[in-house]
Amino acid sequence: MQHDHKDHTSSQHNHGHDNQKEHQDHDHQHKDHSKHNHDGHNHQHHQGDHNGHGDHEGHGGHDHSQHHAMMIKDFRKRFWISLALSIPILILSPMIQGLLGFEFSLTQGADKYLLFGLSTIVFFYGGWPFLTGLVDELKKKQPGMMTLIAVAITVAWGYSTATTFGLEGSTFFWELATLIDIMLLGHWIEMKSVMGASQSLQKLVALMPSEAHRLKDGETEDVKVDQLKKEDKVLVRPGEKIPVDGVITEGESSVNESMVTGESKPVKKSKDDKVIGGTINGNGSLTVAVEQIGEEAYLKKVINMVKEAQNKKSKTQNLADRIAAWLTIIALTIGFGTLATWLIVGESFVFALERMASVMVITCPHALGLAVPLVVAISTSLSASKGLLIRNRTAFENSRKISVLAFDKTGTLTKGNFAVSRYESLSDKYEKEDVIRLAGALESKSEHPLATGIIQKVKELDLKVQEVEDFNAISGKGIEGMVENQKVKVVSPGYLKENNIEIPENQEENQQETVVYVLVNDKAAGVIALADEIRPESYKAIETLKKNGIKVIMMTGDNEKVAKAVSDELKLDDYFAGILPDQKLEKVKELQDKGEFVAMTGDGINDAPALATANIGIAVGSGTDVAAETADIILVNSNPQDIASLITFGKATYRKMIQNFVWATGYNVVAIPLAAGVLYSAGILISPAVGAVLMSLSTVVVAINAQLLKRKLK
C-alpha cells in the first residue's frame, strides 16, 4: 500500500488507518448480557422433568433443538394418555352426570375409588412436569407459572382424595383432569411454536455440505468436510455447493450467494476471489484453496451468532420475567385471600377451595412466558435469513428509538470500488489507451484502491503491460518507475502544482472524481479520473429512513468536495468530511451529548471505535469480514436498504412484543375477579376448567400473533 494520493484523505486512500485494531479493545465492553436459560423460552418448567431429562441449564453444549424435540414428544405423549384417562373420569363424575342429566355406575360404591385411581394416575403422570417445575422454581427462588399450576392441581387432588376417604364434600377430580389436559396441550402447542421459530437456524445448518472433492496429486477423492485442512485444494463441480470458505485458485463461474447475502443475482467469481461454504456454484468448475473450516467457517459463525442472540435475554424479556413474578405473588395472595373470604362469609370449604383453584389457574403467566421469547426466536431467525445478524437483542429492540443514523460513505452509501470514469491523452505522442497502459504497468505494483480501478480498466481493454523497473513510491503524492525505457509517474494534482507542471485546462477534478496524471519524462501525457459510484439502493434507503423521522448524516475520511457531492446527491441532513476513526468516535459522543440516540454504520474495522460508542453499532460488509467484534447488528450485505429494513423490522418486533404482553396479561383483569366470585350473586362463576381454556386461548393468540411477524420482513 505504498502510494497515498494525499489530496484524497479518504479512509481508503489513507492507509495509515488500516491497522486500527481498536475493535478488539472495545470488544463487548458495553454489552454485558445475562445468559438466557433456554432458546428464547424462558420457563423453568422443563427442567428436571420428562423422564429425567435433567436440569436444562446443564445442557450447555447440547443441541437445544434436539432437546426441544424430545420435550415436545414427551408432552404430546402425556397429553394423549391423560386425555384418554379423562374420558372415564368425566363419565364417572357425579357433577358431570348431573350437568348432562344422565346416571352411570359400574359397581355401587366402588365408583369413587375407580375415579380416585384414574385421577391419581393423571395427577402424577400428566401433572409430573408441573410438580417437578414447582420444585425447580422454588429451588431458584423464582416462583412462577409452574408453582401456580402445581399448587392448583395439588390442592384439587389432595382435597378430592380426602373426600373420597371420608371427609365431607364433593370431589372435583374431573376439574383436576381437564386442567392438566389443557395445560399439557398449551405447553405442547407453545413448544411447537418455539420449535417452528428455530427452523430457519436448522435451514442454515443444512446449507453446509458434508462432503468435498479433495484434489491430491491430480486425482480427486471424496472426503468429509471436517477432514479437510487449511491449504487443501478442493474441486467444486458445476451446480454443487461450495463445501468450505476459501479462495479460488483456478476456474471461473457465477456463484449464488443469496442464502448468505440475500443478494439474488449470482456473483461472478474467478481466480483470487473468496468464496463462502454453503453457497452454490454456477456452471463453471472451480478449484478452491481451503481457508476456513469448522467453527471458523463463515456460515458456522452466522449460526453461532444467531444462537447467541436467541439465548440472550433482552431488557424486554427481563420485563416479562418481572411481570410473571408479580402475577405469581398476586395469584397466591388473591387465591388464599379468596379462600379465606368465602370461608369467613360462611360458604363451604369445597366452594371456597374451588374459587381459589380457579384464581390460581387463570393467573398463570403461561402466555406471558411465551410472549417475548417467541417473538425473539422468530425475529432473530427471520433476520438471519435476510442477512441481518443480531448479536445484541436489546440493541435490535432499541432500533425504534434511533434519532440519528451516521453512515460511513465508502462501501456503504457508495460501491467502494474506484472505477475509471474517464481517461484522456494530453499529448499528441500518446493515444488514450497508451495512457491507461503506462499507468497500468506502474499500478500493478501498488495495492491502492485507485490502482485496482486502473488495473480493472487495463483488463477490460485487454491491454498488454510491460514490466516496471526502479519502482518507487513518491511519499503521499503517487508512484514512479521505468516503463518501456521511459520515466513514468502516476501522480496527484498536488504533485503537478508543487513541481510547477502546468495543469492542462478543464482537467480539474469534478466533485465526485479523483484525478491522477500520467507523466512521461516529467511532461503531462494523460489524465485518468476515477469515481466511487453511489449505490442505487442508497437513494431508497435514505428516503425510508427520513420517512421514519430519522436524521441521516455521513461521516467520511474522504475530502470535502467528494463528501459534499455525495451528501447533496443523496439529500443527507449533514456530513463530516476528512475525519479519522477517532474523530468519528468524538462526533458520535457529541451527538449523544445533545440527547440523540445514535446508530452508526461502518465496515467494522476502522469504524470500530465509533461502532462501540454508538447506542447501536451496525457493521456492514459482505463475506468473512462480517464478524466485526464491536457491532450489535451485522449486515451481511453492504446494502444500505438493509439498514432501513432493519429499523422498520425492529419497530415491528417491538410492537409485537407489546401486543403480546397485552394479550398475555389483559384477560386477567376480567377473569381473576370473576374466578374469585365477585359476580357470584348474579350467577356468574368461572370454573378451573373454563379458566384453563381461557388461559390456553391466550397462549394460542400470542403464538399466532408472533407468527404474523413473518409478514413484516419480506
Side-chain angles (χ1 to χ4, degrees), residues 49-51 74-135 148-188 335 338-339 342-343 346-361 675 677 685-693 695-696:
D49 56 297
H50 318 315
N51 305 325
D74 183 71
F75 265 96
R76 186 175 60 213
K77 190 170 141 199
R78 286 178 195 272
F79 168 70
W80 287 118
I81 291 171
S82 300
L83 185 67
L85 291 170
S86 298
I87 294 166
I89 290 171
L90 288 166
I91 292 168
L92 290 168
S93 291
M95 193 183 285
I96 298 296
Q97 291 181 17
L99 279 172
L100 299 179
F102 74 93
E103 276 183 32
F104 179 81
S105 179
L106 285 170
T107 48
Q108 205 57 42
D111 285 7
K112 63 179 184 178
Y113 298 113
L114 181 58
L115 195 55
F116 162 73
L118 292 170
S119 300
T120 301
I121 296 168
V122 172
F123 173 65
F124 282 106
Y125 178 71
W128 190 250
F130 309 113
L131 297 170
T132 53
L134 162 84
V135 174
L148 290 177
I149 300 171
V151 167
I153 62 174
T154 306
V155 165
W157 179 79
Y159 176 76
S160 299
T161 301
T163 57
T164 304
F165 293 99
L167 184 78
E168 228 174 278
S170 57
T171 63
F172 46 78
F173 280 131
W174 72 272
E175 282 153 314
L176 159 80
T178 50
L179 169 58
I180 288 173
D181 293 344
I182 289 167
M183 282 302 172
L184 285 170
L185 178 65
H187 275 65
W188 175 25
T338 301
L339 179 74
W342 285 114
L343 288 174
E347 281 292 341
S348 71
F349 185 63
V350 172
F351 178 85
L353 197 59
E354 188 176 296
R355 291 305 94 227
M356 173 185 166
S358 299
V359 167
M360 287 182 171
V361 171
L685 267 184
I686 294 182
S687 71
V690 172
V693 170
M695 182 65 251
S696 299

Are the side chain of Ser82 and the backbone N or O of Phe79 linked by a donor-acceptor pair below 3.5 Å?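 The answer is no, because no donor-acceptor pair under 3.5 Å joins these two groups.
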
Nearest 0.5 angstrom please: [X] [atom1] to [Y] [atom2], how far?
| X | Y | atom1 | atom2 | value |
| --- | --- | --- | --- | --- |
| Asp111 | Ile91 | CG | CD1 | 11.5 Å |
| Glu347 | Thr338 | CD | OG1 | 13.0 Å |
| Leu131 | Phe124 | CG | CZ | 7.0 Å |
| Trp80 | Leu184 | CH2 | CG | 12.0 Å |
| Leu83 | Thr178 | CG | OG1 | 10.5 Å |

Looking only at heavy atoms, which two atoms of [X] and [Y] are closest? And how far apart?
| X | Y | value |
| --- | --- | --- |
| Ala150 | Leu134 | CB-CB, 3.6 Å |
| Arg78 | Tyr125 | NH1-O, 2.7 Å |
| Leu176 | Ser119 | CD2-O, 4.1 Å |
| Val122 | Ala177 | CG1-CA, 4.1 Å |
| Gly127 | Ile180 | N-CG2, 3.9 Å |
| Ser86 | Asp181 | OG-OD2, 2.6 Å |

Check whether any side-chain heavy atom of [X] sits under 4.5 Å from a side-chain heavy atom of [Y], and report yes or no.
| X | Y | answer |
| --- | --- | --- |
| Phe116 | Lys112 | no |
| Phe173 | Leu92 | no |
| Trp174 | Leu115 | no |

Which label fits Phe351 and Trp342: parallel for a plane angle under 30°, tilted from 30 to 60°, or perpendicular past 60°?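 Ring orientation, 0 to 90° scale: perpendicular.
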
Side chain to side chain donor-acceptor pair (under 3.5 Å) evaluation trace for Trp157 with Thr120: CA-CA 8 Å; Trp157 179 79; Thr120 301; 3.1 Å; yes

Set out, in order, the CA-CA distance, both residues' side-chain angles and the distance that settles ring-ring contact (aromatic ring centres under 6.0 Å, His included) for Phe165 and Tyr113, then state yes or no. CA-CA 9 Å; Phe165 293 99; Tyr113 298 113; 5.7 Å; yes

